[in-house]
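In this chain, residues are counted from 1 in sequence order.
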Amino acid sequence: MMDVLVRNVDDMAVKKLDQEARKRGLSREEFLRIQLQHITLFNGMKNEYERYELALNKVTEALNYIHFHTANLEKKTEEVLNAVNMLAKE
């Protein structure tokens with residue numbers, strides 16, 4: 001594991017961090033470690049969600065394309081069947 005040193009943090013910010021850590025029964029170091037891990041995990045999940053959303057949009061576009069062309073194919077098939085039926089009646 002690596003160490004991270006943060007300098008020149010506002011006194012009020014440090015006090016607030018200490019309060020939040022105490023509420024959870026943690027040291028400042030433990031609290032900040034957990035928060036940093038949550039940030040990196042969240043960003044990773046956000047990136048995966050964006051990739052998932054992009055893939056889902058592509059699938060949706062493909063399904064819309066298939067639906068459109070299937071409807072057209074059904075219409076053309078019906079026209080051909082009608083024409084065949086007309087010829088069969090003659």
Side-chain angles (χ1 to χ4, degrees):
M1 290 211 184
M2 298 181 70
D3 292 335
V4 176
L5 174 65
V6 180
R7 300 180 198 272
N8 301 318
V9 179
D10 181 71
D11 291 342
M12 290 302 293
V14 173
K15 287 179 184 177
K16 183 67 176 166
L17 288 170
D18 289 343
Q19 287 174 354
E20 292 298 319
R22 267 194 305 278
K23 283 183 196 176
R24 292 164 175 79
L26 301 170
S27 69
R28 181 192 304 159
E29 179 184 345
E30 291 170 311
F31 177 75
L32 288 172
R33 183 181 315 110
I34 290 168
Q35 293 302 309
L36 288 171
Q37 289 169 344
H38 286 171
I39 289 168
T40 56
L41 179 62
F42 175 77
N43 285 340
M45 289 173 64
K46 183 180 172 193
N47 290 340
E48 287 303 311
Y49 177 78
E50 288 169 354
R51 288 181 51 211
Y52 167 79
E53 191 172 34
L54 181 62
L56 187 59
N57 286 339
K58 288 181 179 180
V59 168
T60 300
E61 288 176 16
L63 289 173
N64 286 334
Y65 177 86
I66 290 168
H67 175 72
F68 174 78
H69 288 285
T70 300
N72 285 343
L73 183 58
E74 287 174 351
K75 183 179 176 184
K76 295 294 181 187
T77 302
E78 189 175 325
E79 290 172 4
V80 168
L81 287 174
N82 288 337
V84 167
N85 287 334
M86 294 287 281
L87 289 174
K89 289 180 182 179
E90 292 179 3

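- Looking at heavy atoms from C-beta onward, Val14 lies in side-chain contact with Arg28 at the 4.5 angstrom threshold.
- The minimum heavy-atom distance linking Ser27 with Ala21 is given by the pair O-CB, 3.7 Å.
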Gln37/Leu41 under side chain to side chain contact (heavy atoms under 4.5 Å, CB included): CA gap, chis, key distance, verdict: CA-CA 6 Å; Gln37 289 169 344; Leu41 179 62; over 6 Å; no

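- Other residues, nucleotides and ligands contribute only 12 or fewer heavy atoms inside 6.0 Å of the NE2 atom of His67.
- For Glu50, the CD atom counts as densely surrounded, since its 6.0 Å shell holds more than 12 non-hydrogen atoms of other residues, nucleotides or ligands.
- Considering NE2 of His69 and CG of Leu73, their distance stands at 10.5 Å, rounded to 0.5 Å.
- Considering CD of Glu79 and CG of Asn82, their distance stands at 8.0 Å, rounded to 0.5 Å.
- Side-chain contact check for Tyr49 versus Met45: every heavy-atom pair is 4.5 Å or farther apart.
- Side-chain N/O atoms of Glu74 and Thr77 include no donor and acceptor closer than 3.5 Å.
- The side-chain heavy atoms of Thr40 and Leu36, taken from C-beta on, include no pair separated by under 4.5 Å.
- Ion pairing between Arg51 and Glu48 holds under the 4.0 Å rule for side-chain N and carboxylate O.
- Minimum interatomic distance between Leu17 and Phe31 (heavy atoms only, all atoms of both residues): CD2-CE2, 3.7 Å.
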Using salt bridge (Lys or Arg N to Asp or Glu O under 4.0 Å), reason through Glu61 and Lys58 one step at a time and then give a plain yes or no. CA-CA 5 Å; Glu61 288 176 16; Lys58 288 181 179 180; over 6 Å; no

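- A distance-only check finds no donor-acceptor pair linking the side chain of Glu78 to the backbone of Lys75 [under 3.5 Å].
- In this structure, Leu63 CG and Thr70 OG1 are separated by 10.0 Å, a value rounded to the nearest 0.5 Å.
- A heavy-atom distance below 4.5 Å is found between the side chains of Val80 and Val84.
- Arg7 and Leu5 make their closest contact through NH2-CD2, 3.3 Å (heavy atoms, listed as atom of the first residue, atom of the second, distance).
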